[in-house]
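Computed from a prediction, not measured in an experiment: that's the story for all the values here. First the proteins, then the strands, lettered A, B, ... as listed; each starts at 1.
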Amino acid sequence: MLNNLDTLVESVIQGRHRDAVALAEQLLSSGIDVYTIVEHGLSPALKALDVKCTSDEFNLLEIMLAGRAMLEVMNNVIAKHLDQDQPVKQLDTIILGSIKGDIHELGKHVVRILLSCAGYKVIDLGQDVEPKRFVEAAVEAKADYIFISGLISVIVPQVREVRAFLLQQNLTIPVVAGGAALQQMKAEDLNVDYVAKNAFDGLHYVQRMR
Amino acid sequence: MRSLARVLGTLNFTDVDCAPVFLEHSGFVARLAGISLERYLTEADIMVAVKLEAVKKFRTDIMSLGLDSCVEAEALGSKVVFSNSAYPYISSSLITDWHQLDRLTVPDPWSSGRMPLILQAAKVIVEKDAGEHFIVGQVLGPVTIASQIYGIEKLIYLIVDDPEGFMELLKFTSQVTERYCEALGETGIHAIMLHDPSASPDVLSKGVFTSFIAPQLKAMFERIKKRQETYLWLQIIGNTTSVLHHMADFNLEMVTIDTAVKLPDAFHSLQNKVVVGNMNPMLFRNATFNQLASTLRQILEQRREFGYVMGTGCETPLDASEEKITYFLELIESIKCHG
């Protein structure tokens with residue numbers, strides 16, 4: 001069993017999504033429960049990517065391929081069997097988007113994949129999103145966090161507006177900002193709760209808050 | 001020494017009075033002049049005025065003619081969305097399957113999208129500049145054009161799921177790059193900078209660059225060289241240290257390196273190329289004056305005597321500080337010949 005779980009970890013890290021799905025199904029057929037698969041087959045893969053993200057060997061291709069493999073295991077194998085097992089812990093809902101004035105989405109894609117892989121429900125609003133829309137979406141979805149992605153610095157005034165719109169509605173949903181331009185600034189400058197240095201840092205923040 | 005002579009001397013690895021300086025800051029200069037980005041990116045006369053003003057104001061040696069990363073995809077039929085606060089973007093993928101490539105034709109640069117605007121501007125600038133500066137046209141590389149028409153996320157999956165499809169896509173987009181290079185060459189500019197950020201090992205990995213991209217780029221540069229005499233310049237952003245040896249093998253004269261690449265590493269690997277870089281343009285927004293001075297000192301300590309252009313690894317941020325850029329350039333001037 002342990003060997004098969006290790007093989008699943010390797011398949012996910014290497015981005016072999018079809019192998020990962022097949023292995024996860026085999027593990028289930030052999031009597032391993034979905035929680036063990038997540039804890040020992042997927043979580044270690046996510047940790048390995050976390051380490052890679054801060055090393056010189058980082059590249060988006062490997063992160064995205066591994067993310068796809070992990071998501072396919074989650075969606076095509078794990079999700080199907082959850083109802084038959086004990087109820088799962090409800091993970092938080094996160095509103096994510098590139099704010100008005102910014103059309104860069106690649107970094108946001110990586111954040112979406114990582115948060116989804118870690119079990120969070122991510123509602124991706126896309127690019128060029130009005131500050132007010134983040135708040136509206138958070139209210140509609142009863143979201144726990146708002147994640148703002150920004151590659152360019154001209155969007156800073158729009159980032160600051162999100163908290164203001166939240167306060168207008170007496171909401172205290174934590175706001176996290178990240179991306180090439182925003183990660184160089186302080187939370188107080190952006191009027192947000194946290195500035196993530198990279199995608200994993202954003203993930204660690206919500207994990208710490210649980 | 002005139003700027004043009006200084007750059008040509010650098011290209012010949014001969015003695016020049018000081019290393020040429022190149023900053024990529026077209027959109028920034030337009031904003032500084034109060035011109036909306038959309039106007040700057042869509043009107044040839046505005047573009048010409050901005051470019052000429054930029055070299056006059058900052059007294060840099062090289063003038064680059066490029067608009068944004070949508071020009072080639074737009075010429076192929078992609079819809080471009082403009083904004084006044086940022087460079088434009090492609091709203092959706094032009095093709096969703098590489099087999100749909102047969103729907104596309106390599107655009108004629110003289111009649112497709114905004115390519116004619118740049119070609120027209122290039123001709124006017126060459127004439128008005130009258131041999132003062134080294135003038136460079138910018139063209140997107142094949143990987144970035146592919147990512148623009150196919151979507152970067154899908155392109156990443158295509159590389160591993162269907163490498164043959166990825167190569168077909170690259171073959172087609174290489175033709176787009178080559179055709180545009182040819183047209184730019186006809187305007188009388190001195191060099192063509194092939195800008196291919198999506199090809200970066202930071203994005204697609206060293207393995208993909210080595211197996212797929214490097215052979216394609218190498219063959220493409222050979223073809224371009226056979227057809228035209230313009231100098232060729234490659235710019236790939238991010239940490240390209242691991243693939244510099246491939247670039248050394250390409251038939252081109254200049255390579256830009258980004259901040260993540262150490263100058264000594266670049267000089268070691270690119271002994272036969274002019275190296276441009278590796279200053280971080282974000283410093284023009286975030287750094288203090290002392291930090292700028294310290295950065296310059298570090299560059300001067302590391303630079304080599306021949307075959308080096310002092311410059312940024314990528315474009316100046318739109319909200320950079322004019323004061324900081326001016327200070328940096330004046331500092332260079334004050335220690336003329338970078339003593």
Side-chain angles (χ1 to χ4, degrees), chain A residues 11 14-20 52-69 71-72 98-113 124 126-130 150-159 179-186 189 198, chain B residues 27-28 31 37 68-70 80-92 147 151-161 166 197-209 212 237-239 241-243 260-261 280-287 314-315 317-321:
Chain A
S11 299
Q14 289 171 16
R16 289 187 277 112
H17 60 123
R18 290 190 187 93
D19 289 351
K52 203 159 200 169
C53 199
T54 51
S55 80
D56 282 347
E57 290 175 10
F58 167 79
N59 65 75
L60 280 172
L61 177 128
E62 287 178 26
I63 300 285
M64 291 185 75
L65 291 177
R68 177 177 69 167
L71 276 182
E72 287 191 8
S98 296
I99 205 159
K100 183 78 188 165
D102 198 339
I103 45 75
H104 300 87
E105 289 206 281
L106 192 53
K108 179 175 66 62
H109 288 329
V110 176
V111 174
R112 188 194 71 221
I113 288 169
D124 187 349
Q127 61 193 16
D128 206 21
V129 180
E130 293 283 353
L151 181 80
I152 51 175
S153 54
V154 287
I155 50 134
V156 168
Q158 290 90 294
V159 176
L182 303 184
Q183 71 188 15
Q184 302 179 42
M185 306 185 80
K186 291 176 184 164
D189 295 334
N198 57 46
Chain B
F28 161 73
R31 279 177 67 109
L37 266 183
D68 51 72
S69 56
C70 299
V80 178
V81 180
F82 287 92
S83 147
N84 276 334
S85 57
Y87 282 105
Y89 64 93
I90 305 293
S91 56
S92 60
S147 72
I152 184 70
E153 194 171 349
K154 280 189 66 191
L155 189 74
I156 282 174
Y157 298 143
L158 183 71
I159 292 167
V160 287
D161 295 343
F166 176 65
S198 297
S200 173
D202 283 357
V203 180
L204 298 185
S205 81
K206 176 191 168 188
V208 169
F209 191 93
F212 297 100
I237 58 165
N239 190 349
T241 309
S242 63
V243 299
V261 181
N280 180 359
M282 293 297 276
L283 292 174
F284 293 137
R285 185 169 65 80
N286 300 336
C314 55
E315 180 151 342
L318 291 172
D319 60 343
S321 152

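In this structure, A:L61 and B:V208 approach most closely via the heavy-atom pair CD1-CG2, 4.0 Å. Closest approach of A:N59 to B:P201, counting heavy atoms only: CB-O, 3.1 Å. For the residue pair A:Q127 and B:Y89, the shortest heavy atom distance occurs at NE2-CE1, 2.7 Å.
Contact annotation for B:L155: neither backbone nor side-chain heavy atoms come within less than 4.5 Å of a heavy atom of chain A. Interface remark: B:L204 contributes backbone and side-chain atoms alike to the contact with chain A (heavy atom separation under 4.5 Å).
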Practice prompt. Give the C-alpha distance, both sets of side-chain angles, the deciding distance and a yes or no for side-chain contact (heavy atoms from CB on, under 4.5 Å) between A:I113 and B:E153.
Written response: CA-CA 11 Å; A:I113 288 169; B:E153 194 171 349; 4.1 Å; yes

Worksheet item: Would B:D161 and A:H17 satisfy side-chain contact (heavy atoms from CB on, under 4.5 Å), going step by step from the backbone distance to the final call?
Response: CA-CA 10 Å; B:D161 295 343; A:H17 60 123; 3.7 Å; yes

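In this structure, B:S91 OG and A:D128 CG are separated by 11.5 Å, a value rounded to the nearest 0.5 Å.
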